[in-house]
Amino acid sequence: YSGVYNLQFSAQLNRPSGGGGTAKQVDIWIAINGTNVPYSTTGITMQANDNKIVAAWNFFVQLNAGQYVEIMWTQDDAINILYTPAFGAVPVATPSVIATINQVG
């Protein structure tokens with residue numbers, strides 16, 4: 001359906017190696033029908049051997065019937081979107097990305 005949608009997401013990031021101890025960046029943005037949305041990019045800087053940083057925010061997007069939204073990312077080092085399986089007595093399983101989209105207008 002055409003309308004305004006609220007896209008919310010969280011992504012668990014991990015940088016398991018260090019490349020000389022320098023900070024590196026991952027950029028996350030959205031695309032509609034494969035076309036990047038201007039001004040939707042946010043960068044997160046990660047230090048060497050950072051572990052489990054969560055990127056989470058939301059976007060309001062105007063969509064026409066039949067359009068689709070993608071969450072895109074790129075990085076300049078070995079920064080992963082991380083899945084953590086469950087183990088032991090504590091339920092620590094964590095999905096890589098959680099996304100929700102709701103029509104709000």
Side-chain angles (χ1 to χ4, degrees):
Y1 296 99
S2 295
V4 176
Y5 288 81
N6 182 10
L7 169 64
Q8 304 167 50
F9 83 93
S10 64
Q12 183 172 242
L13 307 174
N14 183 50
R15 185 174 179 214
S17 61
T22 59
K24 297 291 182 175
Q25 183 163 317
V26 58
D27 292 300
I28 302 172
W29 68 96
I30 58 172
I32 297 175
N33 285 358
T35 301
N36 294 338
V37 174
Y39 306 106
S40 68
T41 304
T42 299
I44 296 174
T45 301
M46 297 187 74
Q47 299 300 322
N49 301 312
D50 265 350
N51 192 11
K52 298 180 183 175
I53 292 175
V54 176
W57 52 86
N58 66 296
F59 299 95
F60 289 94
V61 293
Q62 175 71 49
L63 298 175
N64 296 319
Q67 289 187 307
Y68 63 92
V69 180
E70 298 170 282
I71 301 169
M72 313 289 283
W73 72 87
T74 187
Q75 81 265 342
D76 60 1
D77 196 33
I79 299 171
N80 305 314
I81 302 292
L82 179 68
Y83 166 76
T84 304
F87 64 91
V90 179
V92 296
T94 303
S96 304
V97 176
I98 299 169
T100 304
I101 189 165
N102 300 87
Q103 188 173 13
V104 294

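- Summarising the geometry of Asn33 relative to Gly66, their closest heavy-atom pair is OD1-O, 4.5 Å, with the distance given to 0.1 Å.
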**Audit row: Val26, Ile53, side-chain contact (heavy atoms from CB on, under 4.5 Å) steps and yes/no** = CA-CA 11 Å; Val26 58; Ile53 292 175; over 6 Å; no

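- In this structure, Phe60 CZ and Asn102 CG are separated by 9.5 Å, a value rounded to the nearest 0.5 Å.
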**Request:** Applying side-chain contact (heavy atoms from CB on, under 4.5 Å), run through Trp57 and Phe9 and close with a yes or a no.
**Result:** CA-CA 6 Å; Trp57 52 86; Phe9 83 93; 3.5 Å; yes

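- Of all heavy-atom pairs between Gln67 and Gln62, the closest is OE1-O, 4.1 Å.
- Residue Asn6 comes nearest to Gln8 through the heavy atom pair ND2-NE2, 3.3 Å, listed as atom of the first residue, atom of the second, then distance.
- One distance of note links OG1 of Thr41 with CG of Asn36; it measures 7.0 Å at 0.5 Å rounding.
- Closest non-hydrogen pair, Tyr1 versus Tyr5, comes out as O-OH, 2.6 Å.
- Under the 4.5 Å side-chain heavy-atom criterion for ILVMFWY residues, no single connected hydrophobic cluster contains both Met72 and Leu7.
- Here the straight-line distance linking atom OG1 of Thr45 with atom CG of Asp27 works out to 8.5 Å at 0.5 Å rounding.
- A donor-acceptor contact shorter than 3.5 Å links the side chain of Ser2 to the backbone of Ala65.
- Under the 4.5 Å side-chain heavy-atom criterion for grouping Ile, Leu, Val, Met, Phe, Trp and Tyr, Trp29 is not connected to Val69 through any hydrophobic cluster.
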**Test log, rule side-chain contact (heavy atoms from CB on, under 4.5 Å), inputs Val37 and Phe59** = CA-CA 11 Å; Val37 174; Phe59 299 95; over 6 Å; no

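- Summarising the geometry, atom CD1 belonging to Ile32 is positioned 10.5 Å from atom OH belonging to Tyr68; distances are rounded to the nearest 0.5 Å.
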